[in-house]
S.K.: 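Attaching a single structure in structure tokens format; questions to follow.
Model, not experiment: these values are computed from the prediction. Below, read A as the first sequence line, B as the second, and so on, with proteins coming before strands; counting in each chain starts at 1.
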Protein chains: 2
Amino acid sequence: MLPEPLFKYLSARTALSDRDRRVLGQLFDLRRRFVADGTVVLEPDARPTVSILITAGFVARYHPLSTGTRQLTALHIPGDFVDLHGLLLRQIDHGLIALTDCTFMTVKHSRLREFSVAEPSLTRLLWMSTVIDAAIHRAWILAAGRRRTEQQIAHFLCEMFRRLTIVGMTNGHSFSLPLKQKEIAALMGRSDVHVNRAVQRLRKSGLVSWTGPHITIHDFAALAKLGEFDGTYLSDRVEPR
Amino acid sequence: MLPEPLFKYLSARTALSDRDRRVLGQLFDLRRRFVADGTVVLEPDARPTVSILITAGFVARYHPLSTGTRQLTALHIPGDFVDLHGLLLRQIDHGLIALTDCTFMTVKHSRLREFSVAEPSLTRLLWMSTVIDAAIHRAWILAAGRRRTEQQIAHFLCEMFRRLTIVGMTNGHSFSLPLKQKEIAALMGRSDVHVNRAVQRLRKSGLVSWTGPHITIHDFAALAKLGEFDGTYLSDRVEPR
DNA sequence: CGCTCGCTTGAAATGGATCAAACATGGTGG
DNA sequence: CCACCATGTTTGATCCATTTCAAGCGAGCG
């Protein structure tokens, strides 16, 4: 069966027929993979032969730094194909690390290659998902260039809220973001101390409640304005393909 | 005929047969497009029906800011397909602006869709080019995050040198980068004044000569070390597909 | 010759990094 | 049940990177 989060991810962007669902579902290997919080899912110089779909948990792309630490450059959630890149590029430029306990499904690259011959229209949907990733990257470049960390985090919260909503992981205006502030800092490319202060300022502004992993956005419009968030790049609307 | 820069771009990543060359070449519309420096090639909310390949000149992706200015988030050079995104996503989240006089070739989306049915293997090559774009974006997120401006620029120079070399636009250790410092600042997400000072420091370090658009890298290895540049993400090696 | 544009310089204000320590927590073993 | 530890969050102080505003410089061009 087509994993539920992927179904939601795709359904938010295009109409899927029953056949599409069935055919896509047949892509995946039967065995699921479970990994614990903190596991390196893919080493930076690996040459994987399978692609990974997240069905539960959070995963980050990381780049090793000369200081020995890692900078995170992307955050992936259930429904995200984290490693289609490996199908197109033999050598991967980054690693993947689980930020929570996770469940994956996998697809063999050989299977994906057959699929691209047999199902060009559905293949374009997978292609689309990598293009959305790129759009998200550009939004992050933009946000990183913006002046205040507070705005950058506001933007990040808006994005996560929208992405999590698509896969059904929000509850009203609330959602769970099981990341340490240190990890958020690594994602924002800022120091953890500074991120902490920015978070506190956001809380004081009354736009969001944020205790531990539990986040509630009280005023999405205002938060979006603060972070200059425009969700167009997430392409979450139903369109013909 | 297959445009020369695209041929070089692809050849650096995979082996192309004569047939591949011919079939790819037939993708493009016969008419070329010429646009002048400063032209907005694509408005941020456009819904293009063609994709654009750069055959000459430099193009940037931009995002309008609330201040009325534009931040640039990517720089594209000859051989780059700048707008395959439009094929996969109906609504574009950013604009394209010519930073120099440019020449383009275009492909109709309808043509690309047929192509993806008829030529799945070559389609994966186009897909690959969008995945490389994403990898470049991640490298920029990284550079914008933890690095000082000087290092960020060093990284940028290394990347441009490698990318321009692939499409045959370097001459020994020299190349032409016809961008104003203001535009480079917009790409780096930094102020123009600060970029200027960082450039001066780079010049003083003796690693590069840089007068106007003319850049010479005297010590690539040292520059790469400074900018923590690892070109893996550009995937410029010949690999089977 | 004077104007414009892009590059350069200076000084003041601020955001963010870094180092170091205090303050929660929940979890563990005694 | 409590003392203790580990982990994550918060606070404070200092230093440096970067922005902003403002003005000077130089080359190319009508």
Side-chain angles (χ1 to χ4, degrees), chain A residues 36-38 58 60 65-69 71-72 99-101 141-156 176-205 208-215 226-227, chain B residues 36-38 58 65-69 71-72 99-100 141-156 176-205 208-215 226-227:
Chain A
D37 186 3
F58 287 68
L65 294 179
S66 60
T67 60
T69 58
Q71 168 145 4
L72 311 182
L99 299 185
T100 65
D101 292 346
I141 292 173
L142 202 58
R146 250 188 290 266
R147 224 186 316 76
R148 293 183 339 276
T149 304
E150 210 178 328
Q151 294 182 287
Q152 190 185 358
I153 295 176
H155 187 279
F156 174 69
S176 174
L177 190 72
L179 304 184
K180 295 161 213 150
Q181 289 191 355
K182 210 167 215 164
E183 290 164 339
I184 294 176
L187 283 164
M188 304 288 104
R190 297 270 144 85
S191 73
D192 51 352
V193 172
H194 196 68
V195 163
N196 175 276
R197 293 196 232 258
V199 167
Q200 291 180 56
R201 259 174 275 141
L202 278 175
R203 283 200 274 246
K204 273 199 203 95
S205 75
V208 296
S209 298
W210 186 342
T211 36
H214 190 71
I215 298 179
L226 175 64
Chain B
D37 186 4
F58 287 67
L65 293 180
S66 60
T67 58
T69 57
Q71 169 149 0
L72 310 182
L99 299 185
T100 65
I141 291 173
L142 201 58
R146 278 263 161 210
R147 298 201 237 272
R148 311 255 175 288
T149 304
E150 210 178 330
Q151 294 181 288
Q152 190 184 359
I153 294 174
H155 187 279
F156 173 69
S176 174
L177 191 73
L179 305 183
K180 293 163 214 147
Q181 288 192 355
K182 209 166 215 165
E183 290 164 338
I184 294 174
L187 283 164
M188 304 288 103
R190 297 266 146 81
S191 73
D192 51 351
V193 172
H194 196 66
V195 164
N196 176 276
R197 291 195 234 259
V199 167
Q200 290 179 57
R201 259 175 276 139
L202 278 176
R203 282 200 274 245
K204 273 199 203 94
S205 75
V208 296
S209 298
W210 187 343
T211 36
H214 190 72
I215 298 179
L226 175 64

S.K.: Backbone N or O of Asp37(A) within a donor-acceptor pair of the Asp101(A) side chain at under 3.5 Å?
M.R.: yes
S.K.: Tabulated below should be each protein N or O lying under 3.5 Å from an N or O of nucleotides 14-16 of chain C; please produce it.
M.R.:
| unit_1 | atom_1 | unit_2 | atom_2 | d |
| --- | --- | --- | --- | --- |
| dG16(C) | OP1 | Arg147(A) | O | 2.6 |
| dG16(C) | OP1 | Thr149(A) | N | 3.2 |
| dG16(C) | OP1 | Thr149(A) | OG1 | 3.2 |
| dG16(C) | OP2 | His194(A) | NE2 | 2.8 |
| dG16(C) | O5' | His194(A) | NE2 | 3.2 |

S.K.: Is it true that a side-chain atom of Thr100(B) and a backbone atom of Phe58(B) form a donor plus acceptor pair closer than 3.5 Å?
M.R.: yes
S.K.: Supply the atom-to-atom distance His155(B) NE2 to Leu226(B) CG, rounded to the nearest 0.5 angstrom.
M.R.: 11.0 Å
S.K.: With no hydrogens and no angle check, is any side-chain donor or acceptor of Arg147(B) less than 3.5 Å from a backbone partner on Leu142(B)?
M.R.: no
S.K.: Calculate the interatomic distance between Glu183(B) atom CD and dC5(C) atom P; express it in whole Å.
M.R.: 14 Å
S.K.: Working to the nearest 0.5 angstrom, can you tell me the gap between Asn196(B) CG and Lys182(B) NZ?
M.R.: 12.0 Å
S.K.: Distance check, rounded to the nearest 0.5 Å: Arg148(A) atom CZ versus His194(A) atom NE2?
M.R.: 10.0 Å
S.K.: Between the protein and nucleotides 7-11 of chain C, list every N/O to N/O distance that falls short of 3.5 Å.
M.R.:
| unit_1 | atom_1 | unit_2 | atom_2 | d |
| --- | --- | --- | --- | --- |
| dC7(C) | OP2 | Gln181(B) | N | 3.1 |
| dT8(C) | OP1 | Arg203(B) | NH2 | 2.7 |
| dT8(C) | OP2 | Gln181(B) | NE2 | 3.0 |
| dT8(C) | OP2 | Asn196(B) | ND2 | 2.4 |
| dT8(C) | OP2 | Arg203(B) | NH2 | 3.2 |
| dT8(C) | O5' | Asn196(B) | ND2 | 3.4 |
| dT9(C) | OP2 | Gln200(B) | OE1 | 2.1 |
| dT9(C) | OP2 | Gln200(B) | NE2 | 3.1 |
| dG10(C) | N7 | Arg197(B) | NH1 | 3.3 |
| dG10(C) | N7 | Arg197(B) | NH2 | 3.4 |
| dG10(C) | O6 | Arg197(B) | NH2 | 3.4 |
| dA11(C) | N6 | Arg197(B) | NH2 | 3.2 |

S.K.: Is there a side chain to side chain contact (heavy atoms under 4.5 Å, CB included) between Leu187(B) and Leu179(B)? Walk through the geometry before answering.
M.R.: CA-CA 10 Å; Leu187(B) 283 164; Leu179(B) 305 183; 3.9 Å; yes
S.K.: About how many Å separate CE of Met188(B) and CD of Glu183(B), when rounded to the nearest 0.5 Å?
M.R.: 12.0 Å
